[in-house]
Colleague: 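Shown below is the structure under consideration.
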Amino acid sequence: MNILRKNVSLLVLLGLFNIAAIFIAQNIYHTNFTGDEPHYVVMSSAIADYGTFEQYDAYLNEFKNREIYPDGFSEPPKKNKKYEHAVVGPHGLYNVHNIGLPLIIAPIYKIFGVNGIKIFMIFMFSISIPLLWIFMSKLRITKTERILIITATIFAFPFLTAANQVYSSFLSSTISILSIIWILYRPEIIQKKLYIYDFIILSIIAYQP
């Protein structure tokens, strides 16, 4: 309870950011997936629905049903021909994008669908708020200054409006902030003989979606 009382401002910021971002995504910016976004989600569909990194079945299903990309792809995929962001491999079509982000969002897509992914990305991006709070506390920035800096940064364009976008850059930036904090706090943690955190944090840092 003492921890909650001391960090009530941080909890308020987290709540406000998530509420505002979800409201903007659902009521103001009614944009569909664009650019690389539908292809990341198609990759997650291949993993969740077909248990494979091969993309042919996922792209074919999306071409027929348009559940992910309502505008639709112009033609059906072929296993022996480059299709959208997928190239021909020895066993079919494989996406040019990395598999990290699709692996993370695959279970979300399976359970909650496309809208669930958008909300999940907002929640994941909001993790940067407590990370920034921790980072600035190491710099001896006052609580009031921390609130003002985080509010001005996180609630500014384009962070708030782009928090629901399905790109790996947001998760990678959160991991980068985590790695900086680990470097700063590691001596204090290691003094407590908690070496297991070395393995956990280094594993997270090494994994870039």
Side-chain angles (χ1 to χ4, degrees), residues 18 21-22 24-26 29-128 131 162-179 182 196-209:
N18 283 287
I22 293 172
I24 288 173
Q26 294 184 339
Y29 292 102
H30 298 284
T31 55
N32 297 321
F33 289 125
T34 60
D36 294 339
E37 287 186 285
H39 303 283
Y40 279 120
V41 182
V42 168
M43 289 177 70
S44 71
S45 171
I47 296 169
D49 296 331
Y50 303 100
T52 179
F53 295 126
E54 202 275 327
Q55 301 291 293
Y56 174 77
D57 289 330
Y59 270 119
L60 182 61
N61 179 68
E62 177 55 26
F63 174 80
K64 293 178 179 178
N65 299 315
R66 299 190 178 187
E67 296 176 350
I68 297 170
Y69 187 48
D71 292 339
F73 298 121
S74 59
E75 60 181 14
K78 296 179 181 179
K79 286 190 175 182
N80 60 349
K81 181 181 178 182
K82 181 181 182 297
Y83 184 78
E84 295 294 334
H85 291 202
V87 296
V88 179
H91 304 289
L93 294 175
Y94 290 87
N95 215 288
V96 297
H97 299 291
N98 291 333
I99 62 173
L101 180 57
L103 278 171
I104 292 174
I105 63 177
I108 306 300
Y109 173 79
K110 186 69 174 179
I111 300 172
F112 300 107
V114 171
N115 290 329
I117 291 177
K118 290 283 189 179
I119 294 175
F120 173 75
M121 293 302 294
I122 291 172
F123 287 148
M124 291 302 295
F125 182 71
S126 70
I127 294 175
S128 62
L131 290 177
N164 68 332
Q165 293 186 348
V166 186
Y167 289 108
S168 59
S169 54
F170 284 137
L171 290 180
S172 296
S173 61
T174 301
I175 292 173
S176 297
I177 296 173
L178 178 63
S179 66
W182 177 246
I196 186 62
Y197 283 108
D198 260 335
F199 175 77
I200 295 173
I201 299 299
L202 290 174
S203 298
I204 295 173
I205 293 172
Y207 175 77
Q208 292 291 325

Colleague: Is there a side-chain contact (heavy atoms from CB on, under 4.5 Å) between V166 and F120? Walk through the geometry before answering.
Modeller: CA-CA 10 Å; V166 186; F120 173 75; over 6 Å; no

Colleague: Hey, what do you get for OG (S44) to CD1 (I104), rounding to the nearest 0.5 Å?
Modeller: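 Going from the OG atom of S44 to the CD1 atom of I104 covers 11.5 Å.
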
Colleague: Nearest 0.5 Å, what's the CD1-CG distance between I22 and N18?
Modeller: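 One finds 5.5 Å between CD1 of I22 and CG of N18.
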
Colleague: Is there a side-chain contact between D36 and Y167, using heavy atoms and a 4.5 Å cut-off?
Modeller: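 The answer is yes; the side chains approach within 4.5 Å.
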
Colleague: Taking all heavy atoms of T174 and all of S128, pick out the closest pair and write down the distance.
Modeller: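 Smallest interatomic distance, heavy atoms only, reads OG1-CB, 4.3 Å.
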
Colleague: Mind checking the OG1-CD1 spacing from T52 to I47? Nearest 0.5 Å is all I need.
Modeller: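 Taking OG1 in T52 and CD1 in I47, the distance rounds to 8.5 Å.
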
Colleague: Atom CD of Q55 and atom OH of Y50: how far apart are they, to the nearest 0.5 Å?
Modeller: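 Those atoms lie 11.0 Å apart.
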
Colleague: Looking only at heavy atoms, which two atoms of A25 and N164 are closest? And how far apart?
Modeller: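 Between these two residues, the closest heavy atoms are CB-ND2, 3.3 Å.
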
Colleague: Does the side chain of Y69 reach to within under 4.5 Å of the side chain of F63, using non-hydrogen atoms?
Modeller: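 SC-SC contact between Y69 and F63 ruled out.
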
Colleague: Please list every donor-acceptor pair under 3.5 Å in which a side-chain atom of residues 89-97 meets a protein atom from a residue at least two apart or in another chain.
Modeller:
residue	atom	partner	partner atom	Å
N95	OD1	H97	N	3.2
N95	ND2	Y59	OH	3.1
H97	NE2	H85	ND1	2.9

Colleague: Taking side chain to side chain donor-acceptor pair (under 3.5 Å) as the test, write out the residues that go with K110, two or more places apart.
Modeller: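 Testing K110 for side chain to side chain donor-acceptor pair (under 3.5 Å), a comparison that skips the adjacent residues, returns D49.
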
Colleague: Please report the interatomic distance CD1(I105) to OG(S45), rounded to the nearest 0.5 Å.
Modeller: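 Rounded to the nearest 0.5 Å, the CD1-OG separation comes to 10.0 Å.
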
Colleague: Does the side chain of Y40 come within less than 4.5 Å of I68's, by heavy atoms?
Modeller: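 Not in contact.
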
Colleague: Could you state the interatomic distance from NZ (K118) to CD1 (I108), rounded to the nearest 0.5 Å?
Modeller: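 Interatomic distance, K118 NZ to I108 CD1, rounded to 0.5 Å: 14.5 Å.
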
Colleague: Checking E67 against V41 for the side-chain contact (heavy atoms from CB on, under 4.5 Å) test, could you report, in this order, the C-alpha distance in whole Å, the side-chain angles of both residues, the deciding distance, and whether it holds?
Modeller: CA-CA 10 Å; E67 296 176 350; V41 182; over 6 Å; no

Colleague: Tell me whether K64 contacts the main-chain N or O of R66 through its side chain, where contact means a donor paired with an acceptor under 3.5 Å.
Modeller: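 Such a contact is absent between K64 side chain and R66 backbone.
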
Colleague: Please assess H39 against F73 for the test ring-ring contact (aromatic ring centres under 6.0 Å, His included), listing each intermediate value before the final yes or no.
Modeller: CA-CA 11 Å; H39 303 283; F73 298 121; 5.6 Å; yes

